Amino acid sequence: MPAHLENEVTLIAAARAGNGEAFTTLVNQYDRNIYRVALNITGKQEDAEDVLQEAFLKAYTNLDSFRGNSRFYTWLVRIAVNEALMKLRKGRRDRSVSLDEPIATDDGESMPREIEDWGDSPEQSYAKTELQAILNGAMESLEPQFRTVVVLRDVENLSTEETAELLGLSVPAVKTRLLRGRLKLRERLNKYFKRG
Amino acid sequence: MNCKGVLNELSEYLDGNLEPALIEELRRHLECCDDCRVVVDTTRKTIEIYCNTEPMPLPQGIRERLERTLAKKLKRPS
C-alpha cells in the first residue's frame with residue numbers, strides 16, 4: 001500500500017476513535033476537492049459551502065460505515081454528491097430542465113459544429129487562474145444533467161458504473177450524457193483554444 | 001465506419017473501452033476524414049485538461065468556517 005494511503009488508514013482509525021485532530025487532517029487533505037465537486041454540481045458558491053460542511057459532518061458521524069472497499073476520497077465524493085444533488089433538486093423548481101429528465105438521443109443536436117484544430121497544448125496559452133476561469137465558465141454553462149455526469153467521470157474520475165449508481169441512472173444513460181456533455185464542453189472551449 | 005459512427009463510439013474510444021475491431025474501423029475513418037480527426041483530438045484534449053486540473057485554493061474564509069462548524073457540531077476543540 002502506498003505510504004500516503006497507509007497514513008490515511010491510520011488517520012481514519014484515529015478519527016473513528018474520536019481523535020479530532022486526525023479528522024481535521026483528513027478534512028484539510030480533501031476540502032478543496034470536495035468544494036470543487038460541490039461547486040461544479042450546484043454552480044453556486046453559497047450552496048457549495050453548505051455542501052462542504054454537510055458532507056464532512058456526515059462523513060464524521062458515519063465513519064464507522066466506511067469499510068475501506070473503496071478509496072476514502074471516493075467515499076467522501078459520494079457523500080458530497082448526494083448532498084449537492086439534494087441542493088440542486090431543491091432549487092430545480094425554477095429550472096427549465098430536470099436532472100432526471102430523459103435525454104433524447106437526437107443525433108443532429110450532438111453533431112459538432114465548431115471544427116477547428118487546437119494544437120498540442122492549447123491550455124498553456126493561459127495563466128493558471130485565467131485557465132481556471134475558462135474551465136469553470138464552460139462547465140457551469142452545461143445543463144445540470146450533463147454537468148453532473150461530466151464532473152463525476154472526467155473531473156473526479158469515477159467509473160461509469162459508480163456514476164450511474166450515484167445518480168440513479170442506467171449505464172447507457174450515463175454514457176449518453178457523458179458524450180453529449182463532453183461534446184458541449186469541447187464546443188464551449190473551442191473559441192479559447194483554437195489555433196490562430 | 002462513417003462520421004456518425006465515429007461520434008457514437010467517441011467516448012468509448014477515448015476511454016479505451018472500444019473493441020479492437022471497432023478501433024481499427026474508427027482509425028481507418030480518421031485517416032481520411034479531417035473533421036472527425038479534429039473532433040476526436042479536441043475532445044480528447046478537453047477531457048485531459050479537466051482531468052489534469054488541480055483544485056484551486058478555497059475562497060477566503062471557507063476553511064475557517066468549516067473548521068468552526070465541525071468543532072462546534074462535533075464538540076471537538078477547534
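Note on naming: letters A, B, ... go to the chains in the order of the sequence lines (proteins, then strands), and numbering restarts at 1 for each one. Computed from a predicted structure; not experimentally measured.
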From [X] [atom1] over to [Y] [atom2], what is the distance, rounded to the nearest 0.5 angstrom?
X	Y	atom1	atom2	result
A:Leu52	B:Leu58	CG	CG	6.5 Å
B:Arg44	A:Arg182	CZ	CZ	11.0 Å
A:Leu183	B:Leu10	CG	CG	6.0 Å
A:Phe193	B:Ile49	CZ	CD1	4.0 Å
B:Glu48	A:Asp154	CD	CG	10.5 Å
A:Ile115	B:Asp34	CD1	CG	10.5 Å

Indicate if [X] and [Y] have the same hydrophobic cluster label, given that clusters are the connected sets of ILVMFWY residues with side-chain heavy-atom separations under 4.5 angstrom.
X	Y	answer
B:Leu22	B:Val6	yes
A:Val51	A:Trp75	no
B:Ile23	B:Leu30	yes
A:Val149	A:Val171	no

B:Thr42, B:Thr69, B:Thr43: which one forms the most heavy-atom pairs within less than 4.5 Å of chain A?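 Highest number of pairs under 4.5 Å: B:Thr42.
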
Closest non-hydrogen atom pair, [X] against [Y]:
X	Y	value
A:Leu179	B:Ser11	CA-OG, 3.7 Å
B:Pro59	A:Gln45	CG-OE1, 4.4 Å
A:Arg32	B:Pro57	CD-CA, 3.8 Å
A:Phe56	B:Leu66	CD1-CD2, 4.0 Å
A:Leu185	B:Thr46	CB-CG2, 3.9 Å
B:Leu70	A:Val27	CD1-CG2, 3.8 Å

Main-chain N/O of [Y] paired to [X] side chain as donor or acceptor, under 3.5 Å:
X	Y	answer
B:Lys45	A:Arg186	no
B:Tyr50	A:Glu156	no
B:Arg63	A:Asn28	yes

Does the side-chain contact (heavy atoms from CB on, under 4.5 Å) test come out yes or no for B:Asp15 and A:Leu178, once each step is laid out? CA-CA 11 Å; B:Asp15 290 338; A:Leu178 182 63; 4.1 Å; yes

Is there side-chain contact between A:Pro112 and B:Leu7, with heavy atoms separated by less than 4.5 Å? yes

Under 4.5 Å between any side-chain heavy atoms of B:Met56 and A:Arg36, yes or no? no

Go through the atoms of B:Arg37 and report whether side chain, backbone, both or neither lie under 4.5 Å from a heavy atom of chain A. side chain

Between B:Asn52 and chain A, with a heavy-atom cut-off of 4.5 Å, which part of the residue counts as in contact: side chain, backbone, both or neither?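 When you check distances to chain A, no heavy atom of B:Asn52 falls under 4.5 Å.
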
Selection from A:Val151, A:Asn136, A:Asp120, A:Leu39 maximising heavy-atom pairs under 4.5 Å formed with chain B: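 Looking at each option in turn, the highest pair count goes to A:Asp120.
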
Let's test your reading of the structure: which of A:Asp117, A:Leu135, A:Val155 forms the most heavy-atom pairs below 4.5 Å with chain B? A:Leu135

Would you mind checking which part of [X] comes under 4.5 Å of any heavy atom in chain B, side chain (CB onward), backbone (N, CA, C, O), both or neither?
X	answer
A:Gln132	side chain
A:Asn157	side chain
A:Thr129	both

